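Structure first, commentary second.
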Amino acid sequence: MSYPFAEIEKKWQQYWEQNQTFATGEDFSKPKYYVLDMFPYPSGAGLHVGHPEGYTATDIIARKRRMQGFNVLHPMGWDAFGLPAERYAMQTGIHPSITTKQNIDNFRRQLKSLGFSYDWSREVDTTSPDYYKFTQWIFLKLFNSFYDTAQKKARPISELTIPAELQGEAKKKERENFIAGHRLAYIANMPVNWCAELGTVLANEEVDEWVGKGYKVERKPMRQWMLRITAYAERLLTDLEHVDWPAGTLELQKNWIGQSTGALIRFDIVGATPPQYQIEVFTTRPDTLYGVTFMVLAPEHPLVDKIAAESAKAEIETYRKTTALKTDLDRQLDAAKKEKTGVAIGAHAIHPLTGEKIPLYIADYVLMGYGTGAIMAVPAHDERDYAFAQQFGIEIRQVVQPRESAAELPVTEDGVAINSPIFEGLKTSEAKAKIIAHLEKEKLGERRIQYKLRDWLFSRQRYWGEPVPVSFDEDGAMVAEEESALPLLLPESKTFQPAGTGESPLANLPEWVNHEKNGRKLRRETNTMPQWAGSSWYYLRFADTTNKERFASPEKEKYWLNGGVDLYVGGAEHAVLHLLYARFWHKVLYDLGYVTSVEPFKKLVHQGIILGEDGSKMSKSRGNVVNPDTVVAEYGADTFRLYEMFMGPLEQMKPWQSKSIEGIYRFLGRVYRLYFGNTNSEENAPAKPTLNAKLLAPPADEKAVLKVLHQTIKKVGDDIETLSLNTAISQMMIFVNEAYRVESIGKEAATAFIKLLAPFAPHMAEEIWQALGEKGSIALAAWPQFNADYLVESSFEAVIQINGKIRGRTELAMGISDADFESAARGVDAVKAALEGKTVRKVIVVKNKMINFVV
RNA sequence: GCCGAAGUGGUGAAAUGGUAGACACGCCGCACUCAAAAUGCGGUGGGGGCAACCCCAUGUCGGUUCAAGUCCGACCUUCGGUACCA
């Protein structure tokens, strides 16, 4: 053993716990720093080495901020609802709350063994009723709010303007439907992935897995809770300007929201006896309107049944059935093959400009969930429409002339409008503007901004989730739980199998489902919330975890969330959903006056994945998983922390290398022996190691020591700010190498250096701090100040280049004038020789660095 | 297909447009040791030369510049995300 880490680490972990070293400061006159990790799902497998990578980085910055005098909020919690615990319960009959608790205990033990400076008194658990009380409370806020499109914000549903024609007792039902249609939480029939054999709905991500096992999954409309995130599409997009996030993540969010500008155009249906039906389409290319030769509706488009010819109805039904059975994978394959299927429905629309009859089709390449679920097809200028037209023998009419006139159809790029009377000869961008103006004038359509973002499917047919606090009376009217009655507890249960009807296991508990309120017989909602719910607001709870009345007191919210979470670190796999959902909830709470910052997470960083030693992803089946417990037992927590930070840039994917851990372990041993002298073997080690007096003696060259010390103070301090922790560690190694070389560095430098090491290797730092005779914990000592004066040098090694190639070097005084620099350079023998007989055309001097002769 | 990130020694990696390879791992050597481990010290991109030194080298090909790993253009490869979004 290179140094007694086990003993040291245990000692200081106990010390921190007993002394509450990391209790969050509550003196609100001090500046705050809120640094947050994405909280883990406490799985049965325990922590793997990927978790502590981000946790160590945040711990280092949290520890530095504390030493800099900030109030630091650095908490940890558990995203503990979720499928694995429920699956396990279905197999074993053991209640998910029991396994969840065991897993949490294990995670907590592992995290504590790594010496993270969390304030453990602020732990949150999404499955605790004290916590999900407020998850349900936020749900009620969503349920009881609507989005005011004029003010562009959410408002209480009680402020919704009810149209005059819906007033009065006779219109009660219509009025309720109107209100329900505006709520931010609403019920809809949405196509979901239904597996009859499993008796449950599957998430998109799960479909492939089960289909692979031979199960049949179909798309089926089912009653679901939805959250109206689409109302926030524009703000979720534009507010990205306010955050400091990785460029790639911003791009992913933007793509996910998927804004496109174009036009909404209305086509009348031919020959309809009243009512006069219309098809609305969205297009980003209104300039191709003259090229429309057919139209396509999504197979499940509601208008199809109303306008289809009798003769086509059988074929339509067959087509609908086959598309319903198609999985997302099938659809992707179809798209790749560029083969199109569809059915002519025997009806026609009228072209709004030419009055021509346009045939109508249904085809599954048109999706009900995007735009209006119907398109105007322009085969000459859209690849999909082109493929369809070719297969069905439909006319292809070119209306855009591209720059390269030889280009083959379909031409999807911009060009000049042709065969288009109203805007003949205009460039695409101008043609778009002109046609939209024309459509608006003639009331045939209007400008439209469309988003890809869909509303958030918020219900799951699961037991292990937050109950939705809404009931239904015998007429189906919705009755929300009173806020004062929350939490609506998840009932005890012995079985966790789905009800088989597509309802959640809660439907098997009639005594819970059926209840009475004011003499009204009510049935509870049996679907539960998705796992995303609890994680969409936990960062707010950390500001005030014990508050029973509110998710957080206004004062604490305002203090800790001022400007949002200062630094949020977690995996890139959450770049879209979790971060989008949390931002959405945050904005709703902002609109309703419950939070004060526009965005929840100011700065975001993703740690890279740690691969197995073989360079592939760690997985049980490959047998390349590294367990942090093993590493801690063998090398200690400080080595583990330092190694993970030394591996490479935080954001980068990188393989685990057991050989390199040895190097870090050796470095920490070197630090230990530097301070405590060479204690050599275990037997010889004194019980209480004494300080290495030689190290603390005044240095022979104090200036040199102070120079490398202050270089290190600067480099380590700056690098922690940019989370370049690998190079911070390199600099500390340089300092230690230098200390070994000079043998004496003096007490001041010895003390300052150990403070720099403290955020990285806190246990050893405490041990040395104590040995140095300092009082209290080093975690609360003042961070060293950098002084540039010590870095000032009197001379530098000048590099002399000729035509950009190095031809010599010479020692020169700092601040030398350009002219002196040049003559000194010309005096160097090698340079003299190289310049012999050549004409110097130009001389470039980089002050205090180098000179380049151009010959 | 589209969007994004990245390609530097045997390996992990450093490098405000200004000395490419800091710091480590590994390897080689030396000291300590009967020996080994541990530890300490030194060397280590490739090629040439006794040497001083010289040449080559940051995925490929071009360009800008006195000067390019870094900026610009095209391409290749790898990894992520996404996918009939009208």
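By convention in this document, chain letters (A, B, ...) are assigned in the order of the sequence lines, proteins followed by strands, and residues within each chain are numbered from 1. As the structure is a prediction and not an experimental result, all values here were calculated from the model.
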Secondary-structure notation, RNA chain B, from Watson-Crick and G-U pairs under 3.5 angstrom (| other strand): (((((((..(((.....[....)))((((((.......))))))((((....))))..(((((..]....))))))))))))....

Would you kindly give the CD-to-C1' distance between A/Q801 and B/G17, to the nearest whole Å? 12 Å

Produce the list of close N/O pairs, under 3.5 Å, pairing protein atoms with atoms of nucleotides 82-84 of chain B; give distances to one decimal.
from, atom 1, to, atom 2, distance (Å)
B/C84, O3', A/R384, NH1, 2.5
B/C84, O2', A/Y365, O, 2.8
B/C84, O2, A/K340, NZ, 2.7

Is the NZ or CZ atom of A/R670 both under 6.0 Å from the centre of the six-membered ring of A/Y740 and within 45° of that ring's axis? yes

Any side-chain N or O of A/Q652 below 4.0 angstrom from OP1/OP2 of B/A13? yes

Looking at the base of B/U19, is there any donor atom on it, or on the side chain of A/R809, that sits under 3.5 Å from an acceptor on the other one? yes

Between A/R673 and B/A38, does any side-chain N or O lie under 4.0 Å from OP1 or OP2? no

Counting only side-chain N and O atoms of A/R666, is one of them less than 4.0 Å from OP1 or OP2 of B/C25? yes

Where protein sits on nucleotides 43-49 of chain B, one letter per nucleotide: B base, S sugar-phosphate only, - none, heavy atoms under 4.0 Å: -------

Does OP1 or OP2 of B/C66 have a side-chain N or O of A/K842 closer than 4.0 Å? yes

Protein-nucleotides 52-57 of chain B N/O pairs under 3.5 Å:
from, atom 1, to, atom 2, distance (Å)
B/C55, OP1, A/R807, NH2, 3.4
B/C56, OP2, A/K805, NZ, 3.4

Are A/T249 and B/G4 close enough that a side-chain N or O sits under 4.0 Å from OP1 or OP2? no

For A/R320, give me all partners under salt bridge (Lys or Arg N to Asp or Glu O under 4.0 Å), at least two apart in sequence or on another chain. A/D305, A/E317

Show me the protein contacts with nucleotides 7-11 of chain B, counting only N or O atoms at under 3.5 Å.
from, atom 1, to, atom 2, distance (Å)
B/U11, O2', A/Q657, NE2, 2.7

Please classify the glycosidic conformation of B/G47 as syn (within 90° of 0) or anti (everything else). anti

